[in-house]
Structure formats: C-alpha cells, structure tokens
Amino acid sequence: MRATNSSSVTQASSSNLSCRKLNRKRKIPNISQIPILDLTSDEDLRDQQIRQQLISDYLDHGDQTFVCTMCHAQLWTYEALKGNTSGKKTSYSMCCGNGKVELPQLKQAPTNYQNLFRNVDPKGKNFMKNIRRFNSMFSFTSMGGKVDSSINRGNAPYVFRLSGQNYHCMGSLLPIDGSKPKFSQLYIYDTENEITNRQRAFSTQNEGCTSTSHSLDIEIIRFLKDMLDSTNELVKCYRMARDCFDENPHIDLKLRLIGRRQQDGRTYNLPTASEVAALIVGDIGDAIDNRDIIVTTKSGSLQRINELHPAYLGLQYPLLFPYGDDGYRVDIPHRDVDPSTNTKRRFCTMREFFAYRIQDRVNVFSLILNSRRLFQQFLVDAYTMIETERLYYIRNQQKVLRCESYETLKSVQSHVVYTVEFQKRGLPHAHICLFMHPDYKLPTVEHIDRVISAEIPNKDDDPELYSLVSEFMMHGPCGSDNPKCPCMSENKCSKNFPKPFLENTSVDSNGYPMYRRRNDGSFIEKSGVKLDNRSVVPYHKTLLKRYQAHINVEWCNQAASIKYLFKYINKGPDRATVEVAQNNNGGDNDDAPVDEIKNYYDCRYLSACEASWRIYGFDVHYRYPSVVRLPFHLPGKQNVVYGADDDIEDVLNKQSVSSSMFLSWMSCNEHNEDARKLSYVEFPTKFVWKQEDRCWEPRKKGFSIGRIHTVSPNLGEAYFLRILLNKVKGPKSFPDIRTVNGQVCPTFRDACYALGLLEDDREYIDAIEEASHSGSGYYLRFLFATMLKSNSLSKPCYVWENTCQYLSDGILYNQRIRLKSPGLSLNDDQLKNLTLYEIEKILLQNNSSLKDFVGMPYPDHDSISSSNNRLITEELDFDMNSLQQESHQLLDSLTIEQRSVFDEIMTAVKQKKGENA
C-alpha cells in the first residue's frame, strides 16, 4: 500500500476551493500521517521523542468549513472532497448531487415554536424530552414497524431502532362505536375535550410524571393545537370534516387526500387546502387517482398509505412540517430538466430527496435536524421509504422479467477489505483486514509485541495512553462481578474474558495469537472492580491515540484465521426472526415460493445511524484491489434477461446477448497478441471490461483480480469447463478450449483427461483445497457429499484421506460451542469420526449414505455419543503435553526408593500382573 500525505491533499484542495469564494470558518489542522515503523530495528517504540512527535495528536476533522454554492449546505472537508479529489467543484455530490437536485426551502416555523426546539426553558426541555410522544399526539397516521425499546435499558444515549417492515396506516374519520379516538380521529371526534383526549391517548409513554410536568404537558399540547390549527393545511381539512359532522352527524362523508400536484416540485411544496384534500358526500365517483387516500366515515379498519403520496411525511410528522409541507414526489425533475431534455435520469430519486433535506444549511434553522429523538425516528422512517420503493419495484417485476439461456430462446424462435455494520445499539463499526507489504509484515511472534499490546501501560511513563486504554480498551467488568453484562451468555463471558496470564506472545494450534499479558500487578478500576491485564482488548498505540476510540487490532498470519476473518467481514446482518408456519394442506410444501423480500424485512433491524449512512450513500463494503467476478457458460447457455412483452427476435439481436463477458474474452484473443498470453482468470490484471461497449480493453491504470465463480460437480460439462479456464490461455473459440496437442476433444471432460487433470481424482482434491481458502467447513463437507453423489470419484476413500484436514474445519469449534467448553481438545480420530458423521447427515438428507460408496469409512456412533456427552468430554478433556511435562518433573523429583516402587507398580500394570491381586 502507498501512504498518502493527507495534509498535502487538504491544502491543495482547500486552495482550489477558496479561490471560488467558499465560506471558510477556520484553518484546517495539519494532520500528520501514521508513521511506518521499521520492525527490524532494535529501537524501543516507547521512545519519548517518537511518542511526542508522532502519536500524541488526535485526528480532528474540524468544523463544516465548506458551503455548496448551489444549495448552501455546510460540509466537512472530506465530504466536500468526495468525488471531487481535485477540489475544483463548488457544488458537491453529498448534498445536491453536484447541483442536480433542486428543492424549495422549507418555510421557517414561527419563532415561539422554534424556541421549543432550542431547549431554552423548562417548557422547551419537557418538549424535547418527550418530542416523539407529542408528535404521536398530533400525527394523522401510525407506524407499522416494531420499535425495539429494549436497547435503551441502561445509561447509554438514546437509540431509535426499528425491526420488521415499516409502513404508515390511517383509520376512518370517526372511531367505531365504543372505541376511543386515535391519531387523525382526535381532530374530529369530541374536540371539546381534545387536549385531555390527546394526553390520555399517549399517557402510558410518560409514566410517573409529576404535577409540574403534567401542567407543562397541558400547556404544550394547547400551544401545539392552536399553532397547527392556524398553519397546517392538513389540519384545516380535518377541521372542515369536523364542522360537517357537527352540522349533520349522520352524513356519509369521505375525505379524499389528493395524491398528485400540478405545480413544479422544484419550487413549490406548500399546497393549499383545496390542493391537499376534498370532502366527498355520497359516492366517490370515477375521478379518483390510484395514489389518492380515501378516508371513510366509519370503517373499523386501517388502510396503508402509499410511500409516494406527497403528504406521507406531513401526515406522520406534523411537528417537523407544521405547514403541512409536501414530501417526496415522483415527478420532481432535476435542475434545468424539461420534457424535451434527453437524459437517462430526469427525476429526483427518493434517496436524493432525503440527502438534500437533512443537510445543515447556512442561516437556516432546521426543525428536522434539531428534533433529537424525533430526528432519529425520521431518519429510520426515511430509509425504510427508500427501501420499500426499491423492493416494491423488485416484487412487481417478478412477472415481467424473464431469464433464459440463449439456446432456449433460440429454440423458441424456431487489498484492503472492510465492511461497516450496525449492531446492538445501532452505532457503526468497521471490520478491516489489511494485507501488508512484504517489507512490513510481522513474520514471527517476536514482532507482534512491538505493534500490538494487550497490557495496561505505565501511568507515569505515558499518562495519555493509560487514560485511553482505561476508557476504551478494557473489557468488562463481567462474569460474577457483573452477571448482567451484555457479553454474558449462560453465566460465561462469550468473549472468553478474562484471558490467561502469559509471559510471552504465542500462536495456538488454530493460528490465532495469544498475546503477552504479564502478571505485573497493574490494574484499572471500573465500576468498583479491579481489572488487570487479562481484561485488556488488544490495541495499537498509534491508532488509539490518533482516533481515541475502541479499535481492536489483531495479528492474522494463518490461513484459517484469515479465512474466518473474511467470513466475518462478509457475513451480512444478523438474523432476528424465526417463524414457524403451519402447513394447512397436511402434506409437503417444499415447492412453495419463498418470499425473499418478506424474509429480508423480518430479519433486519434498522437504526438511525445506519439509515443516515445509507441515505448519504456511504460505502458499506470496500475492497482493494477490486475483484472482478468472471462469469462463464457453455456454448449457447448465456443468460438472457427480457421482458414479458419483448419480441424474441429483438432480444436475440441485442449486443448484450452476443457479447457476454466470456464470449468477448475469446473475441479479444483473436486480434490481441498480449491477450493470448493470459488465462481467463488472469485477464482482469491486464484488461478492463467496458460495460457500455461490451468489450475488453487493455488496462491503462489500476489493478484487479479475476475470480471465476464456483460450480457444482453435478453440472458436468460446466464443471470441467471451469477447470480448463484456469489452465488454458488465449482460446479464440469453444473448440480451442477443448484442443489438446492439436487435437480437438469431443467434450470438456475429455480435454481434462487429455491434460492429465483428472488422474487419480486429483482435480477433486484440488477443488476442495481451493475451496478451503474461502469456504466454511460446512460448505466443504457439502461439496464432498455432492462429489460422492455425482458418482464421479473413482476412489472416494483416496479423496477423503487427502482432504480430511480441510473437511474437518470447524468441527472442533462447533463441539466447543455445543458442549460449552472453550478449552476442549480432540484427537485426530475423534475429529475424523465427527466429520464423517456430519457428511453422513448431509447424505441422508439426499437419500444416500457413506455405506453406498466402496472403501469409505463409516462413523462410529458409540464414539460420537461419548463425544457429545458433556460429562465424559470434561473428564477426557486434558492437555496431554502439559501432563506429560508434569509427569517428567515429578519423576525427576522421586527418591531412589520411590522410583523403585514406581517402576515395580508400572511394570505390573503393563504386564497385567495385578488383575487378580
């Protein structure tokens, strides 16, 4: 990796931006880059000069120093430089899409209402503390998502987190007989006691209130009611309905909330009452748009509001939009776009709309940004709207889009990797894997202690580092000192703290480091508990001082640990919901369609941090160098996507059909001599795929890695084609791939045999070994079971013996979890037996067994029963090396007489002379 001097980038960019008269607030601090230290040097990293000059400064991003000239949004330096590395642009992508998005400014709220948000008096403090409750009192709609309140137990800052599918629902104008009014009904029903009704409807959310807070509630509710009555057009429409019912209580009245606007959404967002709604007496008629909301008198049911309705946000957030401002509309054009403009995207997307609305702008007081807890709810709601719109499109395209192979249609015709995730309290954290340059790797454990520490620093030598370790890098207290700690699972710490004391750093049998943790008497007291070196989370001194945050740094130099680090980085969100559904048909329902969209909704949690991260379009995954996925297919088997109404002739004549990435590779080999020197998997290192032109072009800069996607041996010829694509260089056609020593083989399998790739089942052993670099143990065992089922292995036992060390991956870990024994050890025979048992389970699910394959061993079920018995396992769980060492030490300490007695007894035991004694 090449280090970039961040200070030079900042200075160059700021000079370019300042020449365009951008508003500057203060000078950007000169931030030194993290030093690359010579690990071969004998110099102590704790040297006072290094510590003062290089690792004592905290990385401060400063203030919002740049202002967009198009929308006047205030941004931080690196936000302004996103997609603008030269610093020449004066409008930015993060706020208005470099000037593409143009929206009207929200009308400023009355001053006395703004003062409630400024939190300047007891009334304002009570309002801000309960702002979500007050908003619900005046909201017209209810939220359908499930709010996770359990996350806010304790003293940590408030977090709004939602699970499941979110939507807004609205009831009828009046409650059914015997029911209390809710939400929009409070604007119409029993308005003489409206203030009391509103407070009573949401009193459960403010338990234990005092008389003072009660009076403040009444005062605030009255103020909000009067303000919304005078300013909010939606409220005025409901008040008109109230007046109609007052004149005639038996009238059949319907309220139509109009879903379309005639004005330009770039300059207009304050509709009048007649543009917002219409009162209908009797039948609705035919002039109803499919996006209109029809609210009946008494229905007893809820109706879901369309996310694309202009009043969607105003109905849910009257306190953030006190004038009933319109929200997102699908027909808001981009700046300088008119009906005659020829552009691919003419209208503002929902993500662009919200990214624009939640910006901090010059001389503008934003109710949204200052609403605290309600702002968190708004962010989550906003992203669920974006998500719902995208998934709605996917769901409705299921019957439209078709995907077939080209051949089928023709017959119809006639080195950094990171991920950002949001867990528990919804705060973002990143998992980063760095592949160091060979000159800066840590080849042995002796180098680890110079870079990674798992000990409490000396308070006198480095008080700053001591303070940071105390605040950010101490785990716990947990265990018996704090049984309610989040890390506790079944009365044990799930992170296995406290760790054991160690005098020296070492690496365990699985390739994971065991850091030096000396018993030197150092401790840090937290919550009345003294925590020593056993509770320190490994850290890097420079990074900890630079960022002053919890940064766990680990050494990773073994294949197994690297693989599982990648698995953790790419594991995706945690599953949260399990549904047990009854089969009413009484039979198997395996062929029932799987609703992946519903599964996605049910199994994810969304917090305000994640919502804002995704609204701004920040990276969630990143890798360098980039990995190019290389698809391939058999002749005429490339996938073709087409619409239900597309003409087959037109589909087959598309350039994308005849110029797939795989076919274009062979076409490039025809006219480019350099291309013929590379195999398919090597091709991205020297060539770039141009999606627009559907062709490969020589690479001018950068670097990428090619990866051919895996296929199952069950696919036959496709599997053997993949083997050849890793070997053959420069083919110009499919026959060229099958050509060996000038002879064209009839099949790809025959070509593999001719090249000697299938002798002694070597290709299957290689396939499992290759898959072990990235695949989990379960995947490898499933792959082996698939190979057995394909009946393509000539000697299954030979493949088993050469791959059992890969197939047993994860077995020991699973046993430790199953038996709740972190220190469990298994010998080779036990590991093999458990591995065979897992493979047998996979085969049994597919109506097969290891007994069906000649020469394959079969698991010993008696041994497995013992292995799964916790009591037996605990008795047999001992460290043979340490016991053997202890035995030698004890033998050496025996006297001559004791040793003579010991030898006599052991001889009798070995010769079984003491059986009848």
Rounded distance [0.5 Å steps], CG in Asn496 versus OG in Ser494: 8.0 Å
For Arg161 against Tyr605, the heavy-atom pair lying closest together: NE-CD2, 3.5 Å
Close side-chain approach of Ile905 to Thr907, heavy-atom, < 4.5 Å: no
Working for salt bridge (Lys or Arg N to Asp or Glu O under 4.0 Å), residues Glu455 and Arg516: CA-CA 8 Å; Glu455 294 182 316; Arg516 181 178 65 189; 3.7 Å; yes
Trace of the side chain to side chain contact (heavy atoms under 4.5 Å, CB included) decision for Asn814 with Glu838: CA-CA 11 Å; Asn814 293 336; Glu838 294 297 326; over 6 Å; no
Audit row: His61, Tyr78, side chain to side chain contact (heavy atoms under 4.5 Å, CB included) steps and yes/no: CA-CA 8 Å; His61 288 288; Tyr78 293 102; 3.5 Å; yes
Asn827, CG: over 12 other non-hydrogen atoms inside 6.0 angstrom: yes
Atom of Lys526, atom of Gly476 and distance for their closest heavy-atom approach: NZ-O, 3.7 Å
Test side chain to side chain contact (heavy atoms under 4.5 Å, CB included) applied to Arg517 and Val536, step by step: CA-CA 9 Å; Arg517 300 173 185 270; Val536 178; 4.0 Å; yes
Short side-chain to backbone donor-acceptor contact, Ser467 and Pro463, under 3.5 Å: no
Flag if over 12 foreign heavy atoms under 6.0 Å of OH, Tyr616: yes
Shortest non-hydrogen contact between Cys487 and Lys495, atoms and distance: CB-CG, 4.4 Å
Ser626 OG to Phe703 CZ distance, which is reported to the nearest 0.5 Å: 9.0 Å
Backbone N/O of Ile456 and side chain of Asn533: donor-acceptor pair under 3.5 Å: yes
Leu836 side chain near Tyr858 side chain, heavy-atom distance below 4.5 Å: no
Electrostatic pair Asp520:Arg518 at N-O distance under 4.0 angstrom: no
Atom CG of Asp892 with >12 non-hydrogen neighbours under 6.0 angstrom: yes
Atom OH of Tyr813 with >12 non-hydrogen neighbours under 6.0 angstrom: no
Any side-chain donor near an acceptor of the partner, Glu554 and Asn552, under 3.5 Å: yes
Side chains of Pro538 and Val553 in contact at under 4.5 Å (non-hydrogen atoms): no
Chi angles and distances behind the side chain to side chain contact (heavy atoms under 4.5 Å, CB included) call for Lys841, Arg781: CA-CA 10 Å; Lys841 288 199 300 184; Arg781 291 186 287 273; over 6 Å; no
Least distance between heavy atoms, Met488 atom then Cys478 atom: SD-CB, 4.0 Å
Pairwise distance CG(Leu780) to CD1(Ile839) - rounded to 0.5 angstrom: 10.0 Å
Flag side-chain contact, heavy atom, 4.5 Å: Trp800 against Thr835: yes
Under 3.5 Å: donor-acceptor pair, side chain of Thr803, backbone of Val799: yes
Asn833 side-chain N/O to Pro859 backbone N/O, donor-acceptor pair under 3.5 Å: no
Leu544 and Leu465, any side-chain heavy atoms less than 4.5 Å apart: yes
Residue pair Ser163, Asp148: steps toward the side-chain hydrogen bond (donor to acceptor under 3.5 Å, both in side chains) verdict: CA-CA 7 Å; Ser163 65; Asp148 180 17; over 6 Å; no
Separation between OH of Tyr764 and OH of Tyr798, rounded to the nearest 0.5 Å: 14.0 Å
Mutual orientation of the aromatic rings belonging to His431 and His429 [parallel < 30°, tilted 30-60°, perpendicular > 60°]: perpendicular
Gap separating the OH atom of Tyr779 from the CD1 atom of Ile768, nearest 0.5 angstrom: 10.0 Å
Within 45° cone of Tyr539 ring axis and under 6.0 Å: Lys541 NZ or CZ: no
Trace of the ring-ring contact (aromatic ring centres under 6.0 Å, His included) decision for His550 with Phe472: CA-CA 5 Å; His550 176 85; Phe472 298 113; 8.3 Å; no
Phe782, CZ atom: more than 12 neighbouring heavy atoms under 6.0 Å: no
Thr895 and Gln898 side chains, donor-acceptor separation under 3.5 Å: yes
Electrostatic pair Arg899:Asp903 at N-O distance under 4.0 angstrom: yes
Side chains of Leu531 and Glu525 in contact at under 4.5 Å (non-hydrogen atoms): no
Non-hydrogen side-chain atoms of Val420 and Trp613 separated by less than 4.5 Å: yes
Shortest non-hydrogen separation from Leu783 to Ala771 and the atoms involved: CD2-CB, 4.1 Å
Pairwise side-chain contact, Met474 with Val469, heavy-atom cut-off 4.5 Å (strictly under): yes
Atom pair SG (Cys609) and CD (Gln376), whose distance is rounded to the nearest 0.5 Å: 7.0 Å
Closest approach of Ile551 to Met473 (non-hydrogen atoms, all atoms of both residues): O-CE, 3.4 Å
Plane angle bin for His475 and Phe497 - parallel if under 30°, tilted between 30 and 60°, otherwise perpendicular: parallel
Cationic N near anionic O, under 4.0 Å, Asp462 to Lys545: yes
Expected output: side-chain Ser772 to main-chain Glu769 donor-acceptor under 3.5 Å: yes
